[in-house]
2 protein chains.
Amino acid sequence: MAEGLEQALRARGLRVTEQRRLVLEAVETLRHCTPEQVLAQVQEQAPSLNLSTVYRTLELLQDLGLVTHAHLDHGAPTYHSTRGREHLHLVCRSCGKVEEASADAAHQLAATLMEQKGFISDVRHLAVHGTCRDCAGE
Amino acid sequence: MAEGLEQALRARGLRVTEQRRLVLEAVETLRHCTPEQVLAQVQEQAPSLNLSTVYRTLELLQDLGLVTHAHLDHGAPTYHSTRGREHLHLVCRSCGKVEEASADAAHQLAATLMEQKGFISDVRHLAVHGTCRDCAGE
DNA sequence: TTGAGTGCAAAGTATTTGCATTCCA
DNA sequence: TGGAATGCAAATACTTTGCACTCAA
């Protein structure tokens, strides 16, 4: 896990620290997580690790292209690893559940936007709000 | 402008106030706006109107179905009127500009998600992040 | 008249920043 | 050793809430 981290850091002349390793690992383990959730996870192994460090590190990892985030809910950014298949997020407005869907579903959208507006879509950042099957059934 | 407001309020037994009229008007004028921007706009005509009222009113207008919001950027929700054509939002990561695109572009996406996941998409809430034509050209 | 709505101030939550200390290279 | 990175605490931003006053019905 997190093999790319060391080389990405070195390539930029940045330092490899335990905190950075732990934060990336937490994101990969949790799959979808807010900064708070990352903190809780990393503190199991490093209780003194600080929330500021989580914020700073998430931003760094994002710069390095190792994680991205999407805004799934009101204010809460949710981070996830860029390893694994591209996916987009389905956020249920009723129950708050977040599902993943294949990014393929959005390729046509991306193509249309490119054609109409010359806009290059980042599909991974896409959050679709709506109602999930379970909630719709009720 | 804002004809629907009075009847929507009365239908619920709520009161028609100048503040509510002004907030809705501001959203319709500004097209895309944060609570802060709404405040600035309404204060031109009602300097004493408070930010709390803006928040409360935006939430109410949303309940009434007269406005929606999307999370275009980090923490700032952006409100817009539900009058006019359905549209989705293209947010440029480089320059921060927000464009609108026809919601039609996302119909296929919505259909696919329904089919694969039984998920009912609210296209109006959709924010697509990426790079706009101008920034891509550089 | 009366209670929904507002303004104000204070509280709550999320995120960022300055600075002294730590520790990687 | 030197400076990047961290921990801590304080600052900032955003949003919500309690309460007394106002005003639409």
Between [N] atom [atom2] and [X] atom [atom1], what is the distance in whole Å?
X	N	atom1	atom2	answer
Leu22(B)	dA24(D)	CG	P	13 Å
Arg20(B)	dC23(D)	CZ	P	15 Å
Glu6(B)	dA24(D)	CD	C1'	12 Å
Arg12(A)	dA25(C)	CZ	P	16 Å
Asp63(A)	dA5(D)	CG	P	12 Å
Glu18(B)	dA25(D)	CD	P	12 Å
Gln7(A)	dA25(C)	CD	C1'	18 Å
Leu61(B)	dG5(C)	CG	P	12 Å

Below 4.0 Å: OP1/OP2 of dC23(D) and any side-chain N or O of Gln19(B)
no
For the pair [X] (side chain) and [Y] (backbone), establish whether a donor and an acceptor sit closer than 3.5 Å, ignoring hydrogens and angles.
X	Y	answer
Ser121(A)	Val123(A)	no
Gln37(B)	Thr34(B)	yes
Arg20(A)	Arg15(A)	yes
Ser81(A)	Val67(A)	no

Non-hydrogen side-chain atoms of [X] and [Y] separated by less than 4.5 Å:
X	Y	result
Leu88(A)	Glu100(A)	no
Leu66(B)	Leu24(B)	yes
Val91(A)	Glu99(A)	no
Val98(A)	Leu90(A)	no

Given dA25(C), dT15(C), dT6(D), identify the nucleotide with an atom nearest to the side chain of Thr53(A).
dT6(D)
Scan residues 34-45 of chain A against DNA chain C and write down, sorted by residue number, each residue with any heavy atom closer than 4.0 Å; if none is found, say none.
none
Closest-nucleotide ordering on DNA chain D, the 5'-leading residue of Thr17(B) and Gly13(A)
Gly13(A)
Within the 6.0 Å centroid threshold, strictly below: His32(A) and His87(A)
yes
Between the two end axes of the helix from dT1(C)-dA25(D) to dA25(C)-dT1(D), each built from 5 base pairs, what angle do you get to the nearest 10°?
30°
Touch check for Arg10(B), heavy atoms < 4.0 angstrom, all strands: base, sugar-phosphate only, or nothing?
sugar-phosphate
For nucleotides 16-23 of chain C, tabulate all protein N/O to nucleotide N/O atom pairs closer than 3.5 Å, reporting atom names and distance.
unit_1, atom_1, unit_2, atom_2, d
dT17(C), O4, Ser52(A), OG, 3.1

Run the numbers on Val54(A) and Asn50(A) for side-chain contact (heavy atoms from CB on, under 4.5 Å), then give the verdict.
CA-CA 7 Å; Val54(A) 172; Asn50(A) 195 271; over 6 Å; no
Verify the neighbour count for atom CD of Gln62(A): are there more than 12 heavy atoms of other residues, nucleotides or ligands below 6.0 Å?
yes
Output, in order, the C-alpha distance, side-chain angles, deciding distance and verdict of salt bridge (Lys or Arg N to Asp or Glu O under 4.0 Å) for Glu18(A) and Arg21(A).
CA-CA 5 Å; Glu18(A) 188 59 12; Arg21(A) 223 190 312 267; 3.4 Å; yes
